[in-house]
Asks: 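Mind looking over this structure? Questions follow.
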Amino acid sequence: SAIRPPKPTIPKTLLNPNDESQVRKVEGKEIKFNNLSKLYWPEDKVTKRDMFNYYYAVADFILPYLKDRPLSLNRFPGGIHGQSFYQKDVKGKAPDWAKTFPYSTSDGEPKEYLVGDDVATLLWMNTLGCIEINPWFSRVSSPDNPDYCVIDLDPDKHHFDKVIEAALVVKKVLDSIDVPSFPKTSGSTGIHIYIPMGGKYDYDQSQLFARIIVGIVNKIIPKFTSLERMISARGGKMYLDFLQNRPGATIAGPYSLRPKPGATVSMPLEWDEVKPGLKMKDFTIFNAIERLKVKGDIFRGVLGKGIDLETAILKAKELYP
DNA sequence: GCTGTCC
DNA sequence: GGACAGCAACGCCGT
DNA sequence: ACGGCG
Ligand SMILES: [Mn+2]
Ligand SMILES: [Mn+2]
């Protein structure tokens, strides 16, 4: 029979429930785990140890979405209510076995992103206080060509039910032009809708496509959605964020924990689950693993064959002149 | 959260 | 060992 | 040149 990738499995927990500091070899790579009883989500009594055990358990499911992607680190060393900060440059700081991706900022300083690879890299990133995972939309082998386009629904003050309503309009528009789409909760307030691009186009083209789609959606539901970047110009409406499709920009990836009360997870959904009654807190560190056991990874189409942009844009122009 | 420095 | 200080994004675009 | 934005 054909060789196929091994089915994802869920291992036993990595860390014992007692010791505050533990050292483990993960696939031959040594990682130190400290302050394991620190309450990262105090309201939910979820500790840093729980976070490591979660990511270790779901690693098989998450890693395809991290492998070969530069990672923006969003660090919460003091837990979800502590001071947080971003970090991109890990030059000279990552373990020697970790992969990195060189880049330079406008001032010309040579720097290096951490690059997603294996479970050791994932857990080392977690030791820095990275609760959530923010991977690029493209991989180092082709950094200018995203694997997917994202439509990011940012509700501001709107109820989650309105996000669901907007998501279903996005779905209807994409269906009408025969473009596949994959929704997930953000774990914070919104919904992310991914469209597979297959690395065939660049970020400008991907963003232009997202702009076309949200333009159509906004024409259908102008009363509560906006395309304005400036918050003050949105008039309290939900932001249909297409600008996130640009080099170096990120959103929390699938199965990522979020630094929010409830210890929510950015959870991939079936479209038939996107309906009134769906709640952000339906998916948390407490039930995500059980759901993965039952449903498996329902998001992999995102990394599959990309759409044909010319055909899709033509159909859109035809149907929505 | 980690590293290096200083006592 | 313990107490510290220092350090940890980025580019676009409107004004 | 600065600040808002994600
Ligand atoms: Mn968002
Ligand atoms: Mn956004």
Side-chain angles (χ1 to χ4, degrees), chain A residues 20-23 30-40 47-49 51-52 55 69-96 98 100-115 122-137 143-144 149-156 186-192 203-204 206-208 210-211 214 226-253 256 258-260 266:
Chain A
E20 267 306 277
S21 286
Q22 300 175 41
V23 179
E30 186 171 288
I31 304 177
K32 297 174 193 149
F33 301 91
N34 296 321
N35 302 318
L36 288 171
S37 295
K38 181 182 276 196
L39 283 168
Y40 264 18
T47 64
K48 192 177 172 188
R49 179 189 289 104
M51 175 186 75
F52 289 122
Y55 279 119
R69 299 177 192 279
L71 301 165
S72 269
L73 310 183
N74 190 7
R75 298 178 55 185
F76 291 77
I80 70 168
H81 299 301
Q83 263 294 313
S84 69
F85 56 92
Y86 284 89
Q87 179 174 4
K88 291 185 174 175
D89 183 22
V90 297
K91 192 176 166 66
K93 305 188 172 176
D96 50 15
T100 59
F101 178 69
Y103 73 105
S104 58
T105 45
S106 34
D107 61 11
E109 278 300 295
K111 300 182 172 187
E112 293 175 3
Y113 275 95
L114 180 67
V115 173
L122 170 59
L123 293 174
W124 178 74
M125 178 175 72
N126 297 143
T127 67
L128 301 177
C130 293
I131 289 171
E132 60 175 36
I133 302 174
N134 288 281
W136 277 21
F137 300 179
D144 299 325
C149 172
V150 172
I151 303 214
D152 171 24
L153 307 181
D154 289 334
D156 192 44
S186 78
S188 180
T189 60
I191 284 180
H192 301 149
Y203 277 98
D204 279 348
S206 183
Q207 180 177 115
L208 174 68
R211 176 66 183 79
V214 297
S226 168
L227 308 181
E228 294 290 342
R229 194 181 72 99
M230 298 260 296
I231 290 176
S232 59
R234 288 180 203 161
K237 294 176 181 177
M238 180 184 319
Y239 183 38
L240 308 179
D241 187 355
F242 60 96
L243 287 174
Q244 214 63 1
N245 297 288
R246 63 183 200 273
T250 61
I251 59 175
S256 174
R258 301 304 306 274
K260 303 287 173 184
S266 180

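Letters go in sequence order (proteins before strands), and every chain restarts at 1. What you see below is based on every heavy atom in this structure, not just the backbone, and it leaves out hydrogens, waters and symmetry mates.
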Asks: Write down the distance separating the C1' atoms in C/dC10 and B/dC2, rounded off to the nearest Å.
Replies: 23 Å

Asks: Closer than 3.5 angstrom, by distance alone: can the side chain of A/Arg75 be matched with the main-chain N or O of A/Leu128 as a donor-acceptor pair?
Replies: yes

Asks: Taking A/Lys32 for its side chain and A/Ser21 for its backbone only, find out whether a donor-acceptor pair lies under 3.5 Å.
Replies: no

Asks: Whole angstrom is fine here: how far is it from OH in A/Tyr203 over to P in D/dG6?
Replies: 19 Å

Asks: Kindly assign one of parallel, tilted or perpendicular to the pair A/Phe52 and A/Phe33, based on the angle between their ring planes and the thresholds 30° and 60°.
Replies: perpendicular

Asks: With heavy atoms under 4.0 Å as the rule, sort A/Leu73 into base, sugar-phosphate or nothing.
Replies: nothing

Asks: Look at the side chain of A/Gln87 and decide which nucleotide, out of C/dC10, C/dA9, D/dG6, has an atom nearest to it.
Replies: C/dA9

Asks: With distance as the sole test, does A/Asn245 use its side chain to make a donor-acceptor pair with the main-chain N or O of A/Val150 at under 3.5 Å?
Replies: yes

Asks: Can you identify which nucleotide, out of C/dC10, D/dG6, B/dC2, has its nearest atom closest to the A/Thr127 side chain?
Replies: B/dC2

Asks: Rounded to whole angstroms, how far apart are NZ on A/Lys91 and C1' on C/dA9?
Replies: 17 Å

Asks: Return the value, rounded to whole Å, for the distance between atom OH of A/Tyr113 and atom P of C/dA9.
Replies: 10 Å

Asks: Indicate, with a heavy-atom threshold strictly under 4.0 Å, whether A/Tyr103 touches base, sugar-phosphate, or nothing.
Replies: sugar-phosphate

Asks: Does A/Asn134 use its side chain to pair, donor to acceptor, with the backbone of A/Leu71 at less than 3.5 Å?
Replies: no

Asks: Select one nucleotide: of D/dC5, C/dA9, B/dC2, the one nearest the side-chain heavy atoms of A/Leu128.
Replies: B/dC2

Asks: Any donor-acceptor pair under 3.5 Å linking the side chain of A/Gln87 with the backbone of A/Asp89?
Replies: yes

Asks: Tell me: CG of A/Asp241 to P of D/dG4, nearest whole Å?
Replies: 18 Å

Asks: Hey, mind stepping through A/Phe242 and A/Gln207 against side-chain contact (heavy atoms from CB on, under 4.5 Å) and telling me if it holds?
Replies: CA-CA 6 Å; A/Phe242 60 96; A/Gln207 180 177 115; 3.9 Å; yes

Asks: Using the C1' atom as the reference point in each nucleotide, state the distance between C/dA9 and D/dC5 in Å, no decimals.
Replies: 13 Å

Asks: Is A/Asn74 touching bases, backbone alone, or none of the nucleic acid, heavy atoms closer than 4.0 Å?
Replies: nothing

Asks: Please step through ring pair (Phe, Tyr, Trp, His ring centres under 6.0 Å) for the pair A/Tyr113 and A/Tyr103, ending with a clear verdict.
Replies: CA-CA 7 Å; A/Tyr113 275 95; A/Tyr103 73 105; 4.5 Å; yes

Asks: Are A/Lys93 and C/dC7 close enough that a side-chain N or O sits under 4.0 Å from OP1 or OP2?
Replies: no

Asks: According to the 5.5 Å centroid and 30° plane-angle thresholds, does A/Tyr86 stack upon the nucleobase of C/dA9?
Replies: yes

Asks: Would you tabulate the nitrogen or oxygen pairs shorter than 3.5 Å linking the protein to nucleotides 2-5 of chain C?
Replies:
none

Asks: Can you check the A/Leu114 CG to C/dA9 P distance for me, whole Å?
Replies: 13 Å

Asks: Rounded to whole Å, how long is the line connecting atom CD1 of A/Ile151 with atom P of D/dG6?
Replies: 17 Å

Asks: Which pairs, protein N/O on one side and nucleotides 11-15 of chain C N/O on the other, fall under 3.5 Å?
Replies:
unit_1: C/dG11; atom_1: OP1; unit_2: A/Ser106; atom_2: N; d: 3.4
unit_1: C/dG11; atom_1: OP2; unit_2: A/Ser106; atom_2: OG; d: 3.2

Asks: Measure from CD on A/Glu112 to P on C/dA9 and round the result to the nearest Å.
Replies: 13 Å

Asks: Whole Å only: how far is the CG atom of A/Leu243 from the C1' atom of C/dC10?
Replies: 15 Å

Asks: Nearest 0.5 angstrom please: A/Ile133 CD1 to A/Ser266 OG, how far?
Replies: 10.0 Å

Asks: Could you tell me whether A/Lys38 and A/Glu20 have a side-chain N and a carboxylate O separated by less than 4.0 Å?
Replies: no

